[in-house]
Amino acid sequence: MDDTLYTDSKQDLLPDPVPGSPSDPGIKLETDPLPLSPNQRAWLRFRRNRLGYVSFWIFLVLLALSLFSPLLSNERPLVARYEGKLFFPALVNPPETALGGEFLSPTDWLDPFVERQISKPGNWALYTLNRHSADTIDFQSLTPNPAPPSRENWLGTDDQGRDMLARLIFGFAVSIGFAIILTVVGTTLGIIAGAIQGYFGGWIDLGGQRFIDIWSAVPQLYVLIILASTFQPSLLLLIVLFSLFGWMGLSDYVRAEFLRNRSLEFVKAARAMGFSNWHIIRRHILPNSMTPVITFLPFRMGEAILGLTAFDFLGLGVPSSVPSLGDLLRRGKENLDALWISTETFAVLVITLLLLTFIGDALRDAFDTRKS
């Protein structure tokens, strides 16, 4: 007798599943996990890149702290109480007469007279962690400037006696704010230019490409230096100048994505249904063309920080009254004996650029559809 006609498997003794019943393998149970969307899969790939994921959260923490720089480093206290009255000097600095002084000028909270007034019984003041602002000069200090790190100035002072820690905190905030604004403006212009060329094509695309070829041939550095040295330096002027050239690289990638996506079936169906060009661009093509935009954002922010630092180093950036990393590097070059100025500033700049680079690499891997 052929043994293959018999089996001891219990599976063969079970009845066939009834079609439509939960035991039917063709029926999907409600407990089965739902398939992940492309964005969810990208987020999982991003989290698997531990270096980029940790860098992302570190950068977010630093960004949040930079938004509250005056609450971290300030010569004026957050809250002060004098003779039963509460003051909030970090927001509104009261005149010295409010603290028993003789002058109507804003209170100098480093003045020994003000410190004696606050130290009297019943009076108190809640100071920030670092009792220095970006432009604070301690005229009571007996140490010649630039002074090395000390108990009073944890990271030392620059050649004008201003606290280095405060200058670095506020300089980092200025650099990040400039990078975010410039990235938003340049990215918006690049998306608009690339979308128009890629979607309509034809002579619009041809004319746009020729304009970009001519505009990119302009010596950008010389134009920026001439304009920055001609007009009064300010952050707004630098944003406008950098935005004139910062959109071209991204527009090429967006144009290529639009040229590829405009011939897809769902775009043709949207045209056949009579949707407007604006609706098709905004709802159908643009969401599917954002991969290069998202992956380039950290790198564009790094380029903006480097650009601002270079211009400030040359003295063509923000006014000297505004704290910046480039200004600190220039002062470090002028005071080579004060190594703490250049080394501390360089460390902040390198750490910031490394965080943005790691985040950019993680985003690039996250949106790579070849990776599971």
Side-chain angles (χ1 to χ4, degrees), residues 51-52 54-75 128-137 145-150 152-183 235 238 242 297-361:
L51 186 58
V54 173
S55 300
F56 172 72
W57 285 108
I58 293 177
F59 182 79
L60 284 185
V61 171
L62 295 177
L63 177 61
L65 293 177
S66 68
L67 297 177
F68 301 96
S69 301
L71 303 181
L72 299 176
S73 182
N74 203 327
E75 64 176 355
T128 58
L129 186 63
N130 183 42
R131 288 190 56 183
H132 299 278
S133 298
D135 55 351
T136 299
I137 300 178
N145 297 312
S150 62
E152 181 66 23
N153 303 101
W154 299 342
L155 298 182
T157 63
D158 62 4
D159 54 350
Q160 296 189 14
R162 296 173 297 191
D163 183 69
M164 278 294 300
L165 177 57
R167 299 287 290 180
L168 289 173
I169 291 176
F170 284 87
F172 174 81
V174 171
S175 298
I176 293 299
F178 175 82
I180 292 176
I181 296 175
L182 183 60
T183 300
L235 276 178
L238 291 178
F242 277 85
L297 288 181
F299 299 108
R300 293 179 63 84
M301 291 184 61
E303 292 176 359
I305 293 176
L306 282 177
L308 177 63
T309 302
F311 267 65
D312 290 338
F313 181 80
L314 297 174
L316 301 175
V318 297
S320 58
S321 59
V322 179
S324 68
L325 300 180
D327 178 72
L328 289 176
L329 288 177
R330 178 165 55 87
R331 296 184 183 277
K333 180 183 72 69
E334 296 171 353
N335 300 272
L336 297 178
D337 55 332
L339 291 178
W340 58 88
I341 298 179
S342 55
T343 53
E344 293 166 1
T345 307
F346 188 73
V348 172
L349 185 62
V350 169
I351 291 174
T352 303
L353 295 178
L354 282 178
L355 291 176
L356 291 173
T357 301
F358 293 149
I359 296 173
D361 290 339

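All of these numbers come straight from a predicted model, not from anything done at the bench.
Side-chain N or O atoms of W340 include none that pairs as donor or acceptor with a backbone N or O of D158 at under 3.5 Å. Here the side chain of S69 pairs a donor or acceptor atom with the backbone of S66 at under 3.5 angstrom. For the pair D163 (side chain) and L165 (backbone), a donor-acceptor distance under 3.5 Å is present.
Looking at every heavy atom in both residues, P149 comes nearest to E344 through CG-OE2, 4.3 Å. Across all their heavy atoms, L316 and L238 have their closest contact at O-CD2, 4.1 Å. Counting all heavy atoms, side chain and backbone alike, R162 lies closest to D327 at NH2-OD2, 4.3 Å.
E75 and T136 share a side-chain donor-acceptor pair at under 3.5 Å. Judged by distance alone, the side chains of N74 and S133 do bring a donor and an acceptor atom under 3.5 Å apart.
Separation of atoms CD1 (I305) and CZ (R300) is listed at 13.0 Å; rounding is to 0.5 Å. Rounded to the nearest 0.5 angstrom, F59 CZ and L354 CG are separated by 12.5 Å. Here CG of L71 is found 8.5 Å from OG1 of T128. Values are rounded to the nearest 0.5 Å. To the nearest 0.5 Å, atom CD of residue E303 and atom CG of residue L353 are 10.5 Å apart. In this structure, the separation between CZ on F346 and CG on L325 is 12.0 Å, given to the nearest 0.5 Å. Going from atom CG of D312 over to atom CG of L329 covers 9.5 Å, rounded to the nearest 0.5 Å.
Exactly one residue among R131, H132, M164 makes a side-chain contact (heavy atoms from CB on, under 4.5 Å) with N153. That residue is H132.
Aromatic ring centres of F311 and F242 lie closer together than 6.0 Å.
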